Enquirer: 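Below: one structure in structure tokens.
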There are 2 protein chains.
Amino acid sequence: MPGTSLDFTARLRAAGLRPTRQRVALARLLFEGGHRHVTAESLHVEVKSAQMPVSLATVYNALNQFRDAGLLREVVVAPGRSYFDTNTGHHHHFFVEPDGALHDFPSDKVTIAGLPAPPKGTRLSRVDVIVRVRR
Amino acid sequence: MPGTSLDFTARLRAAGLRPTRQRVALARLLFEGGHRHVTAESLHVEVKSAQMPVSLATVYNALNQFRDAGLLREVVVAPGRSYFDTNTGHHHHFFVEPDGALHDFPSDKVTIAGLPAPPKGTRLSRVDVIVRVRR
DNA sequence: GCAGTATTTAGAACTGTTCTAAACTCCTTG
DNA sequence: CAAGGAGTTTAGAACAGTTCTAAATACTGC
């Protein structure tokens, strides 16, 4: 029986997070289907309409914890709102202005050459490529 | 006499903005030296300590107007704060986490190959590359 | 089961930004 | 070169998104 809450319970535990009812509900919404992009607000609306009441504060807490645990990746594309991406693998983003839609694209074919070395005393953390497009 | 307020007056007028005392003061701080990165808050502190009182609301207004006029470029690197860059030419950014320092690097030598075509019905607006580094 | 710690919650607080409406300033015209 | 009107500035309120607080609750190890 795939997609059962047991999967998420184990996955949360493996990430060092107690599998509470709320976290399991959120994990299920986030990870059950394909890759997704959510904001705290959008996920809160979703979890409410799924008859699994979770407070907004808990949604924020969970998103931050999932990100810290490597289950999610935070994408910063627009001032004043944070997107979280369930795809934590190497990939980049299309960002459609002004509607705020975000789409992944794989980094397989993308090559970036000629990047300068990191400033003295720092080491590379990540390279984000955001392709901004308009209608 | 280079760097005189006349330069900024003309430049603002050319951008379709009335050269008010406040806008000239801000333009001077922003454009007089080399390229800079500022936030509304940092620029407000600066203009206050330069004995040219300008309200915070006006700093926000001016930054947005300068950006809309193409005098500044907005850089989104961290959730919850906007940076403005006086360098409007092609270039990319180093972002030093967690202190929030931002450094330009030229896009001359950087080549990005293999980017997918923009989604149907959209056209390319800009490609941002943010190299995140840690101490 | 029970105790003890982690988590959740509602609401307050906070941060960064925008709005409001009254006062002021730049610019044009007469 | 005075006056009028549109554009601008201002302080403070309002707002959006996020984090904090302290009390109530739920998970886990024993």
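Hydrogens, waters and symmetry mates play no part in the numbers below; they use all other heavy atoms, side chains included. Labels below follow one simple rule: chain letters A, B, ... track the order of the sequence lines, proteins then strands, and each chain is numbered from 1. Worth saying up front: this structure is predicted, and the values here are computed from it rather than measured.
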Enquirer: Taking NE2 from A:His44 and P from D:dA16, how many angstroms apart are they, rounded to a whole number?
Expert: 16 Å
Enquirer: Could you check how far CG of B:Asn64 sits from C1' of C:dC19, rounded to whole Å?
Expert: 13 Å
Enquirer: Just to be sure I understand the rule, does A:Pro19 reach a base, reach only the sugar-phosphate, or reach nothing, if contact means heavy atoms closer than 4.0 Å?
Expert: sugar-phosphate
Enquirer: Any ring-ring contact (aromatic ring centres under 6.0 Å, His included) involving residues 17-50 of chain A? Give me the pairs, sequence neighbours left out, ordered by first then second residue.
Expert: A:His37-A:His93
Enquirer: Would you indicate whether the side-chain heavy atoms of A:Thr122 and B:Phe94 approach each other to under 4.5 Å?
Expert: no
Enquirer: Would a 4.5 Å heavy-atom cut-off, applied to side chains only, mark B:Val76 and A:Val77 as touching?
Expert: no
Enquirer: In whole Å, I'd like the distance from the CG atom of A:Leu12 to the P atom of D:dC27.
Expert: 12 Å
Enquirer: When the distance from CG of A:Asp68 to P of D:dT19 is rounded to whole Å, what number comes out?
Expert: 11 Å
Enquirer: Could you give the angle between the helix axes at the two ends of the helix from C:dG1-D:dC30 to C:dG30-D:dC1, with five pairs per end, rounded to 10 degrees?
Expert: 30°
Enquirer: Got A:Asp85 and A:His91 here, is their nearest side-chain heavy-atom distance under 4.5 Å?
Expert: yes
Enquirer: Check whether any side-chain heavy atom of B:Phe105 lies under 4.5 Å from a side-chain heavy atom of B:Val131, and answer yes or no.
Expert: yes
Enquirer: Give the rounded distance in Å between these two atoms: CD of B:Glu74 and C1' of C:dT17.
Expert: 11 Å
Enquirer: According to the interplanar angle, ranging from 0 to 90°, do the rings of A:Phe95 and A:Tyr83 count as parallel (below 30°), tilted (30 to 60°) or perpendicular (above 60°)?
Expert: perpendicular
Enquirer: Given side chains that start at C-beta, do those of B:Arg126 and B:Arg73 come closer than 4.5 Å, heavy atoms only?
Expert: yes
Enquirer: Could you say whether B:Arg13 or A:Pro79 is positioned toward the 5' end of DNA chain C, judged by the nucleotide with the nearest heavy atom to each?
Expert: A:Pro79
Enquirer: Would a 4.5 Å heavy-atom cut-off, applied to side chains only, mark A:Phe8 and A:Leu26 as touching?
Expert: no
Enquirer: Base, backbone or nothing for each nucleotide of nucleotides 7-16 of chain C, written B, S, -, heavy atoms under 4.0 angstrom, 5' to 3'?
Expert: SSBB-----S
